Amino acid sequence: KSYEKIDDEINHYYRSYDWIDDETIIYGSDEKAGFTILNVVSKEKTEHLDEYYYAGLMSSKNNMVYGTKVSKWTTAEGDFAANDGIVEIDLNSYDENNKKFSTNIIVEGKKTTEETMGYDPVVWDISDDGSYIYIMEKSDSGSLSADGIGIGIYDVKEKTHTELKDITALADKNHLTINPYHNIIGLIEGAGRDMIENKNVVLLDINKDKSYDINNITDEDFVSMTPSFTLDGEKLLYSAAEAVDSNTITDYNQIYNNWEKQPYSIYEYDLKSAEIQRITEGNNF
């Protein structure tokens, strides 16, 4: 029942670490290039040494790991970094002599230029069977991305990257949930960085050709968050509260203060019957 620091300067924003198995963790650092695999029981370390930085690492099936590969450089004008893209790391391929695993960029990032805005893809989540990588389709502009991003799918078997059109969400890890048994995802959909309005639960039924059918679960009178499928994949849980009418907003600070104190409830949506049931009682948050 004691704590032990294993490293410093971990990128917490991108959650640059994940468990590979019950004893082994993989992590990247903001200050040190490459990444490290650590068995927390035996203390055995395996290091991948190169000039790149690795963020948002997530483990998948068959000893595969996905994340963001980042280049960093310094000029007279300061320190800079760029998202090179989403990288696939094969943990079955370690080269002892060069201290490297096989790494392959599967979705390329793009630097911002004078002519075009850059592209900053991030792994959002991975299906349980490891076949689909869900991607935050972000621009290189923090301000634009704060108001809404797209969602994409990388098909591991087909090696194809598809962006789902006409879907906007916030770049929040817990706004997406993957059904464990069907090609369905639950998503908090809606543009705008303010959580007080325009945040609805939708189900996207993904077809083989990556087209999709959309099912709107909540209406405009509610704002929702934190969707999660039950373990059997038959029901979707989410929390929701009454939305704020944007036409009544005169003081955002007061509106937020009031809204954050209002009660939330947890709801359950049955995929078979399409019935919604409130499963919490009382004025709880």
Side-chain angles (χ1 to χ4, degrees), residues 15 18-22 26 56-67 86 88-91 106-107 121-137 149-190 199-219 222 224-240 265-280:
R15 192 180 176 273
D18 200 7
W19 291 95
I20 298 170
D21 55 38
D22 290 344
I26 181 171
L57 298 174
M58 295 187 70
S59 63
S60 184
K61 292 287 187 179
N62 303 318
N63 255 357
M64 306 300 287
V65 174
Y66 298 87
I86 293 176
E88 180 182 68
I89 303 168
D90 185 353
L91 299 185
I106 57 174
V107 178
V122 174
V123 175
W124 203 332
D125 207 346
I126 303 173
S127 61
D128 286 349
D129 62 3
S131 60
Y132 288 162
I133 314 298
Y134 290 91
I135 298 168
M136 291 184 179
E137 302 282 347
I149 63 168
I151 178 171
I153 302 177
Y154 180 80
D155 188 314
V156 173
K157 182 178 180 180
E158 300 294 334
K159 300 187 186 305
T160 57
H161 170 217
T162 305
E163 183 175 359
L164 305 184
K165 301 299 183 182
D166 303 320
I167 293 291
T168 304
L170 295 186
D172 194 317
K173 285 286 188 181
N174 64 11
H175 279 198
L176 173 77
T177 181
I178 303 173
N179 192 291
Y181 296 106
H182 309 284
N183 288 336
I184 298 174
I185 60 173
L187 186 70
I188 304 300
E189 198 269 343
K199 301 295 177 290
N200 304 309
V201 179
V202 300
L203 290 178
L204 302 182
D205 192 348
I206 312 296
N207 302 311
K208 282 190 175 182
D209 64 357
K210 307 308 181 295
S211 63
Y212 63 89
D213 300 308
I214 187 167
N215 182 9
N216 294 288
I217 305 302
T218 52
D219 58 37
F222 283 87
S224 309
M225 59 180 68
T226 58
S228 179
F229 284 108
T230 52
L231 294 179
D232 60 7
E234 297 300 323
K235 296 177 181 178
L236 177 73
L237 304 174
Y238 59 92
S239 62
S265 297
I266 298 176
Y267 294 85
E268 178 184 82
Y269 174 81
D270 189 303
L271 272 67
K272 289 183 178 179
S273 68
E275 293 182 353
I276 297 175
Q277 179 182 358
R278 176 178 167 180
I279 62 173
T280 53

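Every value quoted in this text rests on a predicted model; they were computed, and no experiment measured them. Reckoned from all heavy atoms, side chains included, excluding hydrogens, waters and symmetry mates.
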Show, in sequence, the C-alpha distance, side-chain angles and deciding distance for Q277 and Y269, and conclude whether the side chain to side chain contact (heavy atoms under 4.5 Å, CB included) test is met. CA-CA 7 Å; Q277 179 182 358; Y269 174 81; over 6 Å; no
Would you say NZ of K235 has more than 12 non-hydrogen atoms from neighbouring residues, nucleotides or ligands within 6.0 angstrom?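 Count not over threshold, so no.
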With a 6.0 Å cut-off (strictly less than), is the heavy-atom count around CG of D166, excluding the residue itself, greater than 12?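 Atom CG in D166 is not crowded, with 12 or fewer foreign heavy atoms closer than 6.0 Å.
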Do you know the tightest heavy-atom contact between [X] and [Y]?
X: W124; Y: L187; answer: CH2-CD1, 3.9 Å
X: I20; Y: N63; answer: CG2-OD1, 3.8 Å
X: N179; Y: H182; answer: OD1-N, 3.1 Å
X: I151; Y: E137; answer: C-CG, 3.6 Å
X: L176; Y: P227; answer: N-CG, 4.3 Å
X: V156; Y: E88; answer: CG1-OE2, 4.4 Å

Just do the side chain to side chain donor-acceptor pair (under 3.5 Å) check on S59 and D18 with the steps written out, would you? CA-CA 6 Å; S59 63; D18 200 7; 3.3 Å; yes
Passes side chain to side chain donor-acceptor pair (under 3.5 Å), S228 versus T177? Steps please. CA-CA 5 Å; S228 179; T177 181; 4.7 Å; no
Is the closest side-chain heavy-atom distance between [X] and [Y] below 4.5 Å?
X: I206; Y: L164; value: yes
X: L204; Y: D213; value: no
X: H161; Y: I153; value: no
X: I276; Y: I217; value: yes
X: K173; Y: H175; value: no
X: V202; Y: N215; value: no

Test D155 against K210 for salt bridge (Lys or Arg N to Asp or Glu O under 4.0 Å), laying out the working first. CA-CA 9 Å; D155 188 314; K210 307 308 181 295; 3.0 Å; yes
D129 side chain vs S131 backbone, donor-acceptor pair below 3.5 Å: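 Confirmed, D129 side chain pairs with S131 backbone.
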Output yes when a side-chain donor or acceptor of S127 lies under 3.5 Å from a complementary backbone atom of Y132, and no otherwise.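 At least one qualifying donor-acceptor pair exists.
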With rounding to the nearest 0.5 angstrom, report the [atom1] to [atom2] distance, [X] to [Y].
X: E234; Y: D270; atom1: CD; atom2: CG; result: 7.5 Å
X: D21; Y: I26; atom1: CG; atom2: CD1; result: 11.5 Å
X: I126; Y: Y134; atom1: CD1; atom2: OH; result: 11.5 Å
X: M64; Y: I133; atom1: CE; atom2: CD1; result: 9.0 Å
X: T160; Y: K157; atom1: OG1; atom2: NZ; result: 11.5 Å
X: L170; Y: M225; atom1: CG; atom2: CE; result: 10.0 Å

Where do N200 and I188 land on the side chain to side chain contact (heavy atoms under 4.5 Å, CB included) test, with the steps shown first? CA-CA 5 Å; N200 304 309; I188 304 300; over 6 Å; no
Assign the ring pair Y267 / Y238 to parallel, tilted or perpendicular, where the plane angle (0 to 90°) is split at 30° and 60°.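 If you compare the ring of Y267 with that of Y238, the planes turn out parallel.
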Show your reasoning for whether side chain to side chain contact (heavy atoms under 4.5 Å, CB included) applies to Y212 and L203. CA-CA 10 Å; Y212 63 89; L203 290 178; over 6 Å; no
Between V201 and L236, does a side chain to side chain contact (heavy atoms under 4.5 Å, CB included) hold up when you go through it step by step? CA-CA 10 Å; V201 179; L236 177 73; 3.5 Å; yes
Y66 and side-chain contact (heavy atoms from CB on, under 4.5 Å): which single residue from I89, I106, L57 fits?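 So the option named by the test is I106.
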Considering the options L237, I178, L271, which one meets the side-chain contact (heavy atoms from CB on, under 4.5 Å) requirement together with F229?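 That would be L271.
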